[in-house]
Amino acid sequence: MTPEVVEVSHERGVVVVRLRGEIDTGTVEATAADLGRALRPEDSAMIVDLAEIEYIGSAGVRMLHELAARLAGEGRRLRLVTGGSPIATRLLDLVAMDGVVPVDASVEQAAAALAAA
Amino acid sequence: MRVLSGGSSVSAFTQLTVPRCSATGAPGDGAFTGSSPTAWRSRGWCGPPLAHTIPTMATHRAPAEDRGLAGFDGETGRLLARTDWAATPLGPPAQWPQPLRTAVSLCMASRFPMLIAWGRELVQIYNDAYIPIYGSKHPRSFGELFAETWSEIYDVIGPMAHGVLDTGQATWSDDALLLIDRLGFQEDTYFTFSYSPIFDATGSVGGMLSTAIETTERVLDARRMRAIGDLASSAADVRSFDGAARAGLAALGRHPEDLPFALVYAPVPGGAEARLVAATGVLPDGPIAPERQDFGAAEPWPLARVLERREAVDVDLAGVEVPGAPVPVRRARLLPLGRADGGAAAVLVAGLSPRRRFDAAYSRFAALVADNLATALDAGRAREEERDRAEALAALDAAKTDFFANVSHEFRTPLTLLLAPIEDALADEQLAPAQRERLDLVRRNALRLQRLVDALLDFSRLGAGRLEPTFRPTDLGEATAEIASSFRSAIEAAGLRLEVDAPALGGVWVDRDAWERVVLNLLSNALKHTFEGAISVRVRRADGSAEVTVADTGVGIPPEERSELFKRFHRVRGARSRTNEGAGIGLALVAEMVRLHRGEIVVDSTPGAGSAFTVRLPLGHGHLPADRLEETPAAPVTGIARAFVEEAERWSPDADARAAGPAAGARLLVADDNADVRAYLARLLGQHYAVEAVSDGQAALEAARREPPDLVLADVMMPRLDGFGLLRALRTDPGTQRVPVVLVSARAGEEASVEGLEAGADDYLVKPFSSTELLARVRANLDMAALREEAGRRAERHARRLSELADASVRVAACRAPSDVAAVVAHEARAIVSAGSVVVEDGEASAPAAEGEVVVLLGAGTSARRLRAAPAAGAVFSVEDEALLRQLGLVAAATLETAQLLEREHQTVETLQRSLLPALPDGPEPFEIAGLYLPATAGDRVGGDWYDVIALPDGRLGVVVGDVVGHGLGAASEMGILRSATRAYAVEHPGAAEPVARLSAFVGRFGEGFCSTMAYVVLDPADASLRYAIAGHVPLLLIAADGTTRLLEDPHGSPLGVRGRPAAEGRAELRPGDTLVLFTDGLVERRGESIDVGLDTLRSRSFAGLPVAALLDRLADGQTGHDDDVAVLAVRAVAPGAGQLELDLPSEPASLARARAALRSWLAQIGADPRAATDVVLAAAEALANGVEHAGAAGGRLRLHARRTADRLVVTVQDDGHWTEPVVRDGRGKGLRIMRALMDTVSIVPGPDGTRVELTRRLPPAT
């Protein structure tokens, strides 16, 4: 199943991208491109919502690492949301993603965290 | 395991195993008849091979394609093929009857010791497991005649074997003792074995089948434990070292098969010799048991070496004939007895049985014997020392009593004779000065007598070397005359004359005090034994000596007494005397004093005419120690003046306080009707004791009952209640019966005192008595009472502790598990000796006993556990504490040994049982199978439950569960036989009922496994059919895919071998997802509960959706602590393809999502645990992604294979590229790490055609 960007929303300088489908070696480049396109110059932060993701593997983890590095270089912040996706929760937990990028349970929590900072 | 109702399993077995064989037994019913070998070879064993992947389980011997005589494994298998059978009565194998061939197949395939003896000649064929029983007879025995091989025991087993051939009836021997020569000597061995008939095609007995288990080790263990137990109990009541040795060896003498003879030698004091303390098995004083042996000699026994090096030494003997033993003893082991700290040291010489190898177990036994014996000897010696001490104490006490009595009398004589008139005279105020002077003289004499007692004290000082004389130049004539004159009035009062002839004699150096005693004692002695005539004192100079002779005209001294005369406490027997009183020390003291002056004393006597004592003192002072010389003559202070001074000292409070000693402070009750006497006694005794004085016996009794005093001193003659009445009243009242009573009477004479003592008085005083005598008697009686009191308390305490020990021993002996023994003995020991700490340690790491600790070995050898007790802080263990600890240790050691034995047996049987259960094929289809065996937790009830899975032709599966009567090794052995037979029949017959019927017939004929139950099921995945036959077994449980349950219990046949209803075939279906559960009664049977209750409980559980392994766990819920073993087997049908997933995709990124989707859907279909499914998808996806990334040439393939086994998921990903070394950089190489984190095992196997990754993930157990 090709991954797709379900929804992109911008609010007060924060872009929220909701992803669906599967992210693997074959699809990771398209996903990375979609995420890059969703980002506007005025956005100071990005939230990637993986709650509806059906699969994400090490290729996806690599992509998120690269995204985090790029945004950090531009002075922008990134937060991830795993929500109810068992596979995303398990994987990000396994690779200790929250040591690199903050991981939240919901978009609301991520937004609140960004607003509070 | 099952036990037949109505009796023990063994008796049920022996009663019922006689097979019902008769001429009517149709050949078709025979166990080994029926289809030809080719038939069952072609049909058997050709199903899918069983996978044997559980490494801990032994794999079955794979059936060879050609099972002729050449197809069997092992040493006997090769022998079977090599033996030239044509040369034996059996003839060439091709001509062997079918039953023999079948029996041989069964025998060779069995891992139980089995022997076939065929034909009237009983030609032997046996399997590898039987080899140890033949020992060195093997391999000659293979194919040999039974009678040849077993010539030495043929008288026993020959008739048994022929009995089987003749009658067709099986025999059974439990732990039979057989003397077998397999190691080069005749050896005691024990076997449990059975001989069963093998019927030939005509229904007559063709040969016999013997299954045997060697039980030598177990029987020996038990036998030796009995010997140790006997030995330990022999130590219970030992009273001496020798007694302990004799009792111990007497106990060992009852076990000549363990130690044919035994001797105990102990070194005699001085160490040059050793004496034979006890012997058993050989006559004492024979060549190997001399009554005395040079301790250091090497022969016959190197005793010194054993004791000094504290090591065991073995001695080879020329062959000692032991009465009652058929074979000479050729070896003895010498062991040191007694503790290394030099306790009771002795050597045990233990004759070793010529019928046993002296192996580690035998050596341990010998060490255990020595250990027990040493403990007993220690206890014996301790008792001996205790008794010696008690006796010495008693003797001392008697001497002390005598001493007090004699001292009292020494006082009494002068005081009676002199003091009364003095008091009378001095009371007269009209006394003239001259009279007063004479009275002074009398008084001085009284005091001189008083000094006799001082002499006693001096005497003891002299003995201790503490008397320090001072020698001064003295005119011996003058001094002697003066002393003699002081005795004049006493001598003249006795009607005798005193003749003094003492001219001046200077230049003699004497200690004035000592000399005075010499003369006084000689005069006193003369006066005592002279009734008429004169006593003369003569002083002379002769040959450089001064010579003083005191002679009398008395009774004289018999010649035989003269040499004893100067010995301490010697009194001439029967000598007529003025008085019988006297300490018997006067002359001894004289001799000591003379010796002090380096002089000599001789006696010359004529019985009836008189005696003359002559003292010779050397002149001058050259013979005397210079430091004790004093040039100035003795002060002119006479002995008389000094006597006054000393008398004053005697009567000083200080001196009396010494006399009162440790009993001071006691409460005394004095009863006398004379007010003056009462006042006198109160005053005298009041200086040392609290005194209550009353005026008659009744008042005394009331006072004593109110508050029991420490001593009652009562006059005999009193109003209201006299002294005897008071005594009787006090003795009948428990509150006062132990109060010592001293009666005082004016009545003189022996009769009165006897009367008083017979009435139960502790002592009896006759008036008048001296104050010192009174004080001495009172104190002696107080001391005695205190001693009695203390002895009573100790006896009571001792008795209490012994009963505590008995209770503790019972509690220790009740333990069954070694760990319990350790815990309980530590607890009990702590309680009994109030120790600070008691621990039981393993021997290996044990430190030696520290100061004050007691360490008791619990068993033999260096690895034996130890009981280590340390006293509480600041306390020490008494000898009694230590004895109690050792006693408790003995009990613990015996119990521990038994417990270890039980545990070992339990483990042995359990191991055996487990080894007999099959490895299960690990599925996944068409059947997924899981088995569970739970051994009984109680000691000896393991064994007999079994199950088996048999791959049958055409993909069918045979499943069996069974339960053999009885338990232990016997049951396990029968179970092995049944299993082998079942396999054979199962392959032969397609249905379920026929194999069971065959097996039942087999059991009926051979007896093995009689009355066992079983259920046999044949499953055919092709049509989902389930065919079953039940022989006396509990129902089968069928669990449908949706969790609903059903019992398969009809039709129901009789147990195996029992004639009754044969097991008929029942039919059911096992559809994919359904699970069949076979189990033994242990799962559903509870004491006091109907089996239906157990079945209902089982069915009430929820089984829906559980994987097979989890289902098994749920079935076994609550099976901890069961007292029977439990076997459960669950078989689930799995739809073709449902058990696994196979994908073959092009190696390209687009395949990844397809593979993941297929895997996800397969996992959902098999109902895998969701968490495990997530992990498997993540890990497999990484493996797949890597396969794509590292794909080789275009057009490569990516293969995924997934399957579920009973307890895990296995996923294999095969690509055709090469797995590169993972590089961990910016998240690259994370794939492998992710897989490892998610899976239980990850293996990456690179190959020439690509890389294979295998992932396994364990499924969670049922919740």
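Letters go in sequence order (proteins before strands), and every chain restarts at 1.
- Only the backbone of I56(A) comes within less than 4.5 Å of a heavy atom of chain B; no side-chain atom from C-beta onward does.
- The nearest pair of heavy atoms linking A1185(B) to T25(A) is CB-OG1, 3.7 Å.
- At least one side-chain heavy atom of V1177(B) sits less than 4.5 Å from a side-chain heavy atom of I87(A).
- Under the side-chain contact (heavy atoms from CB on, under 4.5 Å) criterion, T1045(B) pairs with L1037(B), I1039(B), R1099(B), F1103(B), not counting sequence neighbours.
- Listed by chain and residue number, nothing satisfies the salt bridge (Lys or Arg N to Asp or Glu O under 4.0 Å) test with E1148(B) (two or more places apart in sequence, or in another chain).
- For the residue pair P1149(B) and G26(A), the shortest heavy atom distance occurs at CB-CA, 3.7 Å.
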message: I'd like to know whether E22(A) forms a side chain to side chain contact (heavy atoms under 4.5 Å, CB included) with L1152(B), so could you lay out the CA-CA distance, the side-chain angles of the two residues, the decisive distance to 0.1 Å, and finally the verdict.
response: CA-CA 10 Å; E22(A) 308 190 19; L1152(B) 294 177; over 6 Å; no
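- Rounding to the nearest 0.5 Å gives a distance of 10.0 Å between CZ of R1156(B) and CD of E54(A).
- Atoms CG and CG, on L1178(B) and L91(A) in that order, are 5.5 Å from each other to the nearest 0.5 Å.
- Between the CG atom of L94(A) and the CG atom of L1238(B) there is a distance of 4.5 Å, given to the nearest 0.5 Å.
- Heavy atoms of R1154(B) lying under 4.5 Å from chain A are absent altogether.
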